[in-house]
Each structure stands twice: as C-alpha cells, then as structure tokens.
S.K.: 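Have a look at the structure that comes next, please.
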Amino acid sequence: MTKVFLRTGAALLVGLLFLFPLYITLVTSLDRAADVFTFPPHLALDFDWHSYLRVWSMARWSMYFLNTLFITSTTVVLALLTSALAAYGLSHFHFRGRDFLFQLILVVLMIPGEALLIPNYVILHRLGLINTYWAQILPFGTSVYGIFLLRQVFLSLPREYWDAAQIDGAAPLTYFFRVLLPIARPTLITIGLYIFIGSWNSFQWPLIVTTSHHVQPIEVAVSRLVLRHSVDWRRLTAAGILTTLPLVILFLLTQRYILKGIQRGEGLQG
C-alpha cells in the first residue's frame with residue numbers, strides 16, 4: 001500500500017511539474033495588465049478575455065487554422081498509409097535484401113533534420129512546389145518510427161491469419177485493409193497523434209518554403225506576432241494558448257489509445 005501511495009504521489013508531482021508552465025501561460029493570457037509582472041507570480045485566473053479578442057482581430061486566424069488543419073491532416077493520412085504499406089511489405093513478403101532495406105530505413109533516424117533542409121528544398125524547387133501546401137506535406141509523407149512500430153505489430157500476429165486469408169482467396173491488399181489495419185488501429189492512432197503534433201508545431205520548414213499567407217500554417221503567423229509585439233506577454237501567451245488548445249483536446253480524446261498502441265508495438269520479433 002505504501003509503495004502504491006509513493007508511486008502515485010511521484011506520478012502526480014511529475015505531472016504537475018509538466019503542467020505548471022502551461023498553467024502559467026494560461027494565467028498570463030487571462031491576467032489584467034497590472035498583474036502580469038507582479039512578484040510573487042500571480043497564480044489566480046482573472047478571466048480577462050481582452051487579450052484573446054485583440055489577438056483574434058490582429059490576423060486571419062481562421063485561415064491559418066484551416067491551413068494548418070489541412071496540412072497536418074493530409075500529412076497524417078499520407079504518412080500512415082505509406083508507413084503501413086512499407087511495414088506490410090517488410091513483414092509479410094520475403095525478398096532479397098529485405099532485412100538490409102529495413103536497416104537502411106532505420107539509418108534515416110540518425111540523420112539530423114537540418115541536414116535534409118537544402119536537398120529537400122532543391123527537389124521541391126525543381127518540381128515547382130515551393131510556396132504550396134504540398135511543399136509542407138510531401139517531405140513528411142512517411143514515418144520511419146511508424147514503419148518500425150507497425151512492422152513489429154504485424155510480425156507479432158499469428159501466421160495463421162495470413163494463411164487463412166490466402167485459403168479464402170483474399171488479395172494482398174484486401175488482407176492489408178480488412179485484417180491488418182483494423183487490428184493495428186491503436187498503434188495507427190498513436191503514430192498518427194505523434195505525426196499530428198509534429199506537423200502542427202512545424203515552424204522552420206514552412207518558414208523556409210512559403211512566403212504567401214494563404215498557404216502558411218499558424219506557427220508562422222504566431223512568429224510574426226512575436227516580432228510585432230515582443231513585449232506584450234498577454235497577447236503572446238493568448239496566441240500560444242490558441243495554437244496549443246487543439247493539441248490538448250486531441251490528446252484528451254485519444255490518450256486511451258496511446259499506451260495500448262505503444263504496448264502492441266513492443267514485440268521483439270523481427
């Protein structure tokens with residue numbers, strides 16, 4: 001009983017430490033101007049919504065939100081599809097060099113993203129995709145982490161599933177879509193959530209490949225706001241809360257799948 005109490009207390013403490021900066025951001029965004037720089041820090045919510053109203057009126061946030069939602073959703077769908085197909089091929093089909101190809105894919109994890117900025121930019125420029133939605137989607141259209149995790153899940157399934165599908169005359173893609181993907185749904189949701197968060201928070205790459213406001217995501221809009229109002233902490237924190245809130249809501253809706261998905265991907269086969 002004592003161990004359970006200590007473990008629960010430690011988990012609660014760590015959780016509060018991680019949530020405290022987010023809470024301070026929320027408090028600052030709702031503070032009155034006189035309470036922002038008080039010491040000790042002001043911890044009570046004032047519920048002053050003027051900073052949110054002012055921030056919302058300063059830019060076309062609805063357009064930036066829709067841009068980000070389209071870019072992020074398309075990236076997630078494309079990355080999940082390509083990662084699942086790659087994992088399917090690396091787990092169910094035997095061909096020469098399969099293991100070497102898988103190891104080569106894992107090597108990509110060791111390459112810093114910054115090292116790929118110039119090659120990716122040159123390729124997109126030659127394709128005429130600079131300053132478009134696709135320039136922000138295609139470079140992230142697959143996930144090495146997703147390939148690894150899904151391959152482990154597919155390898156952990158009994159071989160009898162595949163044999164039964166072959167006996168029933170199911171085509172390889174039929175087996176993929178009707179058997180493998182439903183079974184791997186928790187893992188797919190977990191990978192999709194990670195990709196969604198990474199794409200939603202993407203800043204450096206969209207800033208490099210876009211100049212038009214009509215295709216830029218919300219992180220670029222927030223950076224423009226920071227440059228314009230670098231000392232107005234209420235507006236900056238309000239903008240931060242607006243951009244973070246969708247991720248918090250998404251996490252709360254999908255958190256029950258995260259642990260299940262990771263556990264299913266921890267197979268040691270392969």
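In what follows, residues are counted from 1 in the order of the sequence shown.
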S.K.: Which of parallel (below 30°), tilted (30 to 60°) and perpendicular (above 60°) describes Trp200 and Phe65?
M.R.: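 Plane angle between 30° and 60°, so tilted.
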
S.K.: To the nearest 0.5 Å, how far apart are OG1 in Thr237 and CG in Leu26?
M.R.: 8.5 Å

S.K.: Give a yes or no on whether Arg178 atom CZ has more than 12 heavy-atom contacts from other residues, nucleotides or ligands under 6.0 Å away.
M.R.: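 Check fails, neighbour count at 12 or below.
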
S.K.: Assess whether side chain to side chain contact (heavy atoms under 4.5 Å, CB included) is satisfied between Arg98 and Leu101, documenting all intermediate values.
M.R.: CA-CA 5 Å; Arg98 185 184 71 166; Leu101 178 60; 5.8 Å; no

S.K.: Run the side chain to side chain contact (heavy atoms under 4.5 Å, CB included) test on Leu22 and Ile241 for me, step by step, so that the C-alpha distance in whole Å, both residues' side-chain angles and the decisive distance to 0.1 Å come before the verdict.
M.R.: CA-CA 8 Å; Leu22 183 61; Ile241 291 295; 4.2 Å; yes

S.K.: If you look at every heavy atom in Leu181 and Ala84, which pair is closest and at what distance?
M.R.: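 What the structure gives for the nearest pair is CD2-CB, 4.0 Å.
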
S.K.: Among Asn67, Thr210, Thr75, which residue meets the side chain to side chain donor-acceptor pair (under 3.5 Å) test with Tyr133?
M.R.: Asn67

S.K.: Give a yes or no on whether Arg96 atom CZ has more than 12 heavy-atom contacts from other residues, nucleotides or ligands under 6.0 Å away.
M.R.: no

S.K.: Could you check if a side-chain atom of Asn201 sits within less than 4.5 angstrom of a side-chain atom of Leu247, using non-hydrogen atoms only?
M.R.: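 Sidechains of Leu247 and Asn201: in contact.
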
S.K.: Quick check for you: to the nearest 0.5 Å, what is the distance between Ile123 atom CD1 and Ile130 atom CD1?
M.R.: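 That separation rounds to 10.5 Å.
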
S.K.: Are the side chain of Ser199 and the backbone N or O of Ile195 linked by a donor-acceptor pair below 3.5 Å?
M.R.: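 Looks like no, no N/O pair under 3.5 Å.
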
S.K.: Indicate the atoms forming the closest heavy-atom contact of Ser83 with Ser143, along with that distance.
M.R.: OG-N, 3.0 Å

S.K.: Do the side chains of Leu250 and Leu242 join up, straight or via other hydrophobic residues, at under 4.5 Å, putting them in one cluster?
M.R.: yes

S.K.: Mark yes or no for whether Ser223, through its side chain, and Val220, through its backbone, hold a donor-acceptor pair below 3.5 Å.
M.R.: yes

S.K.: Could you check if a side-chain atom of Leu124 sits within less than 4.5 angstrom of a side-chain atom of Pro139, using non-hydrogen atoms only?
M.R.: yes

S.K.: Is it the case that more than 12 heavy atoms not belonging to Phe95 sit under 6.0 Å from its CZ atom?
M.R.: yes

S.K.: Would you say the side-chain atoms of Thr243 pair up with the backbone N or O of Ala239, donor to acceptor, closer than 3.5 Å?
M.R.: yes

S.K.: Is there a side chain to side chain contact (heavy atoms under 4.5 Å, CB included) between Val215 and Thr132? Walk through the geometry before answering.
M.R.: CA-CA 6 Å; Val215 297; Thr132 65; 5.7 Å; no

S.K.: Quick check on Tyr161: does its OH atom have over 12 non-hydrogen neighbours (other residues, nucleotides or ligands) under 6.0 Å away?
M.R.: no

S.K.: How close do Trp205 and Ala135 get, counting heavy atoms only, and between which atoms?
M.R.: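 So the minimum-distance heavy-atom pair works out to NE1-O, 2.7 Å.
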
S.K.: Taking atom CZ of Phe18 as the centre, report whether more than 12 heavy atoms of other residues, nucleotides or ligands fall under 6.0 Å from it.
M.R.: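 No, the 6.0 Å shell around CZ holds no more than 12 heavy atoms from other groups.
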
S.K.: Are Tyr88 and Phe148 connected, step by step, through hydrophobic side chains (Ile, Leu, Val, Met, Phe, Trp, Tyr) whose heavy atoms are closer than 4.5 Å?
M.R.: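 Yes.
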
S.K.: Which heavy atom of Gln136 sits nearest to which heavy atom of Pro217, and what is that distance?
M.R.: OE1-CD, 3.3 Å

S.K.: Give me the atom names and distance for the closest heavy-atom approach of Asn131 to Ser212.
M.R.: OD1-N, 3.0 Å

S.K.: Let me confirm one number: the CG-NE2 distance from Leu180 to His92, rounded to the nearest 0.5 Å.
M.R.: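 The NE2 atom of His92 is 5.0 Å from CG of Leu180, to the nearest 0.5 Å.
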
S.K.: Under the rule for ring pair (Phe, Tyr, Trp, His ring centres under 6.0 Å), what residues qualify as partners of Phe177, not counting sequence neighbours?
M.R.: none

S.K.: Can any side-chain N or O of Ser73 pair as donor or acceptor with the backbone N or O of Phe70 at less than 3.5 Å?
M.R.: no

S.K.: Do any pairs count as a side chain to side chain donor-acceptor pair (under 3.5 Å) and have a residue in residues 51-62, sequence neighbours left out, and if so which ones?
M.R.: Ser29-Tyr52

S.K.: Picking from Thr82, Val76, Leu80, Leu81, what satisfies side chain to side chain contact (heavy atoms under 4.5 Å, CB included) with Leu78?
M.R.: Thr82

S.K.: If you round to the nearest 0.5 Å, how far is CG of Leu138 from CG of Leu129?
M.R.: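 Spacing of CG (Leu129) from CG (Leu138) equals 6.5 Å.
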
S.K.: Determine the minimum heavy-atom distance between Ala184 and Phe154, stating which atoms define it.
M.R.: CB-CE2, 3.9 Å

S.K.: Are Phe203 and Val222 linked, directly or through intermediate hydrophobic residues, by side-chain heavy-atom contacts shorter than 4.5 Å (ILVMFWY only)?
M.R.: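 Different hydrophobic clusters.
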
S.K.: For Val153, is there any backbone N or O sitting under 3.5 Å from a side-chain donor or acceptor partner on Ser156?
M.R.: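 Yes; at least one donor-acceptor contact below 3.5 Å.
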
S.K.: Would you indicate whether the side-chain heavy atoms of Leu66 and Met63 approach each other to under 4.5 Å?
M.R.: no

S.K.: How long is the straight-line distance from CG of Leu13 back to OG1 of Thr8, given to the nearest 0.5 Å?
M.R.: 12.5 Å

S.K.: Please check if atom CG in Leu104 has more than 12 non-hydrogen atoms from other residues, nucleotides or ligands closer than 6.0 Å.
M.R.: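 Atom CG in Leu104 is crowded, with more than 12 foreign heavy atoms closer than 6.0 Å.
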
S.K.: Measure the CD1-OG1 distance between Ile147 and Thr142 for me, rounded to the nearest 0.5 Å.
M.R.: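 With rounding to 0.5 Å, CD1 (Ile147) is 4.0 Å from OG1 (Thr142).
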
S.K.: Do Tyr64 and Phe196 sit in one hydrophobic cluster, given that two such residues count as connected whenever their side-chain heavy atoms are within less than 4.5 Å of each other, even indirectly?
M.R.: yes

S.K.: Examine Leu193 and Val144 and state if one hydrophobic cluster contains both, with Ile, Leu, Val, Met, Phe, Trp and Tyr joined whenever side-chain heavy atoms are less than 4.5 Å apart.
M.R.: yes

